[in-house]
A.B. asks: 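Before I ask anything, here is the structure I am working with.
Both ligands and their constituent atoms are indexed starting at 1 by order of listing. Atoms considered below: every heavy atom in the structure, side chains included; atoms not considered: hydrogens, waters and symmetry mates. In what follows, residues are counted from 1 in the order of the sequence shown.
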Amino acid sequence: MIHMIVLATRNQGKVREMREILRDFPVEIRSLNDFGPIPEVDEDGATFDDNAYKKAAFTAKVLGLPAMADDSGLVVPALHGAPGVHSARYAGKEAADRDNIDKLLREMAGLTDRRAAFECVISLAVPSGPALTYVGRCEGEIAPAPSGGEGFGYDPVFYYPPFGKTFAELSMEEKNRVSHRGAALREMVAEFDKVLTWLRLRLAEAKAPKPDHRQFENNDWSEAKS
Ligand code: ITT
């Protein structure tokens, strides 16, 4: 049985990467761009986990289909974890990738500790609420200046020492092999048979009539004692 899964994102960079990793699996991948307008989710959670679940569960509920969301971002220890969950809007609500990069480089000016990590939490939710969660992380450094034209977001300033390049200088295949999103998705695809069984059971459960729990409430146990 082929399941349809909606990628709950409007970020085309994420859609391309996730489609590529899931292309050999028996799922039909759609994204929010394949549906009419649906309300925006407020990404006001304190953690990547909170926001990933919020986006996936909301989309699954609204569309009545399993939905998968990724919440991800850049974590810089020298900036006390910033931009973190605010990565997409670090330089303001309508900030473009270039604005966020410029702000990051300004904040990092003169700092010698240039360590950084991309983090990603993926949540796969069904319309009735339950969800599976996968986590990925990738360690690197903030480059002194942007370099490369691939990828999206902070890729031009995310220098990955094992390759001696920024993420924006890698092909999509190379990036997916080592990235935070690739790591989280690989965790999921490693047990994809279980994921599909879980999906089938949760969707069947939601269709089944609910048991009437009232018959088990306020029982009188006096007879059982005698
Ligand atoms: P959706 O919420 O619609 O998925 P978004 O771009 O708002 O799209 P997030 O809230 O997860 O996504 O914000 C993640 C931001 O972190 C993203 O906009 C980038 O600036 C940055 N980011 C995440 N993964 C990245 C990657 O692989 N390469 C570069 N930047 C990344």
Side-chain angles (χ1 to χ4, degrees), residues 6-21 29-35 37-59 62 67-76 79 81-105 116-125 134-143 146-160 165-186:
V6 182
L7 298 183
T9 180
R10 297 197 182 277
N11 181 323
Q12 282 310 312
K14 286 185 184 179
V15 174
R16 276 196 299 275
E17 291 180 9
M18 291 164 98
R19 271 220 166 103
E20 161 74 20
I21 292 175
I29 298 294
R30 298 284 177 86
S31 85
L32 288 183
N33 301 321
D34 297 321
F35 298 86
I38 69 166
E40 289 286 324
V41 180
D42 244 347
E43 293 186 40
D44 55 2
T47 62
F48 294 122
D49 220 32
D50 289 348
N51 285 332
Y53 177 71
K54 248 185 129 174
K55 286 190 260 190
F58 178 78
T59 306
V62 169
M68 192 161 103
D70 143 309
D71 199 53
S72 47
L74 186 70
V75 175
V76 179
L79 300 179
V85 289
H86 305 295
S87 292
R89 47 191 187 284
Y90 189 40
K93 208 158 173 270
E94 304 297 326
D97 288 344
R98 186 63 218 213
D99 304 324
N100 288 331
I101 287 177
D102 287 346
K103 177 169 180 190
L104 177 69
L105 292 178
F118 271 131
E119 292 185 9
C120 169
V121 176
I122 286 176
S123 178
L124 172 64
Y134 298 92
V135 177
R137 187 179 157 90
C138 179
E139 313 261 353
E141 291 164 17
I142 301 303
S147 176
E150 302 297 320
F152 66 96
Y154 297 90
D155 282 345
V157 287
F158 188 79
Y159 178 78
Y160 186 62
K165 290 178 180 175
T166 69
F167 263 13
E169 294 172 314
L170 303 181
S171 67
M172 195 197 296
E173 290 74 27
E174 285 173 316
K175 180 182 168 186
N176 280 345
R177 235 187 296 138
V178 296
S179 78
H180 50 313
R181 190 166 303 100
L185 279 171
R186 265 193 308 281

A.B. asks: Quick one: nearest non-hydrogen protein atom to atom 27 (O) of ligand 1, plus distance?
C.D. replies: Lys175 NZ, 2.7 Å

A.B. asks: Against heavy atoms of Lys55, which atoms of ligand 1 measure under 4.0 Å?
C.D. replies: 1 (P), 2 (O), 4 (O), 9 (P), 10 (O), 11 (O)

A.B. asks: Just verifying a value: how many Å separate Tyr134 OH and Cys120 SG, rounded to the nearest 0.5 Å?
C.D. replies: 13.0 Å

A.B. asks: Would Gly151 count as a contact residue for ligand 1, given that I'm defining contact as a non-hydrogen atom of the residue lying under 4.0 Å from a ligand atom?
C.D. replies: no

A.B. asks: Give the residue and atom name of whichever protein heavy atom lies nearest to atom 30 (N) of ligand 1, and the separation in Å to one decimal.
C.D. replies: Tyr154 N, 3.1 Å

A.B. asks: Under 4.0 angstrom from ligand 1, any heavy atom of Phe118?
C.D. replies: yes

A.B. asks: Roughly how far apart are Gln12 CD and Arg19 CZ, rounded to 0.5 Å?
C.D. replies: 8.0 Å

A.B. asks: Taking it one step at a time, do Lys54 and Asp71 satisfy salt bridge (charged side-chain N to carboxylate O under 4.0 Å, His left out)?
C.D. replies: CA-CA 10 Å; Lys54 248 185 129 174; Asp71 199 53; over 6 Å; no

A.B. asks: When rounded to the nearest 0.5 angstrom, what distance separates NZ in Lys103 from OH in Tyr90?
C.D. replies: 5.0 Å

A.B. asks: For atom 5 (P) of ligand 1, grab the closest protein heavy atom and report residue, atom and distance to one decimal in Å.
C.D. replies: Lys14 NZ, 4.0 Å

A.B. asks: Look at atom 28 (N) of ligand 1 and say which protein heavy atom is nearest, naming residue and atom and giving the distance to 0.1 Å.
C.D. replies: Asp155 OD1, 2.6 Å

A.B. asks: Check step by step if salt bridge (charged side-chain N to carboxylate O under 4.0 Å, His left out) holds for Glu40 and Arg10.
C.D. replies: CA-CA 10 Å; Glu40 289 286 324; Arg10 297 197 182 277; 3.5 Å; yes

A.B. asks: Carefully, step by step, assess Glu150 and Lys175 under the rule salt bridge (charged side-chain N to carboxylate O under 4.0 Å, His left out).
C.D. replies: CA-CA 10 Å; Glu150 302 297 320; Lys175 180 182 168 186; over 6 Å; no

A.B. asks: Using a strict cut-off of 4.0 Å, indicate which atoms of ligand 1 neighbour a heavy atom of Asp71.
C.D. replies: 9 (P), 10 (O), 11 (O)

A.B. asks: How far is atom 7 (O) of ligand 1 from its nearest protein heavy atom, and which residue and atom is that?
C.D. replies: Ala88 CB, 3.7 Å

A.B. asks: Quick check for you: to the nearest 0.5 Å, what is the distance between Tyr160 atom OH and Phe118 atom CZ?
C.D. replies: 12.5 Å

A.B. asks: Only heavy atoms of Arg181, strictly under 4.0 Å: list the atoms of ligand 1 that pass.
C.D. replies: 23 (C), 24 (N), 25 (C), 27 (O)

A.B. asks: Any nitrogen or oxygen of Arg10, main chain or side chain, under 3.5 Å from a nitrogen or oxygen of ligand 1?
C.D. replies: yes

A.B. asks: Starting from atom 6 (O) of ligand 1, locate the nearest protein heavy atom and write down its residue, its atom name and how far away it is, to 0.1 Å.
C.D. replies: Asn11 ND2, 3.0 Å

A.B. asks: Return yes if a side-chain donor-acceptor contact under 3.5 Å exists between Ser147 and Glu169, otherwise no.
C.D. replies: yes

A.B. asks: In the protein, what heavy atom is nearest to atom 10 (O) of ligand 1, and what distance, to one decimal place, separates them?
C.D. replies: Glu43 OE1, 2.7 Å

A.B. asks: If you measure from each heavy atom of Asp70 to ligand 1, is any distance below 4.0 Å?
C.D. replies: yes

A.B. asks: Answer yes if the side chains of Asp70 and Ser72 hold a donor-acceptor pair under 3.5 Å, and no otherwise.
C.D. replies: yes

A.B. asks: Between CG of Leu7 and NZ of Lys55, what distance do you get to the nearest 0.5 Å?
C.D. replies: 11.5 Å

A.B. asks: Ligand 1 versus Phe152, non-hydrogen atoms closer than 4.0 Å: side chain, backbone, both, neither?
C.D. replies: both

A.B. asks: Return the option from Leu104, Leu32, Leu7, Thr9 holding the heavy atom at the smallest distance from atom 1 (P) of ligand 1.
C.D. replies: Thr9

A.B. asks: How far is atom 14 (C) of ligand 1 from its nearest protein heavy atom, and which residue and atom name does that atom have?
C.D. replies: Ser72 O, 3.0 Å

A.B. asks: Which distance, rounded to the nearest 0.5 Å, do you find between the CD1 of Ile21 and the OG of Ser179?
C.D. replies: 6.0 Å

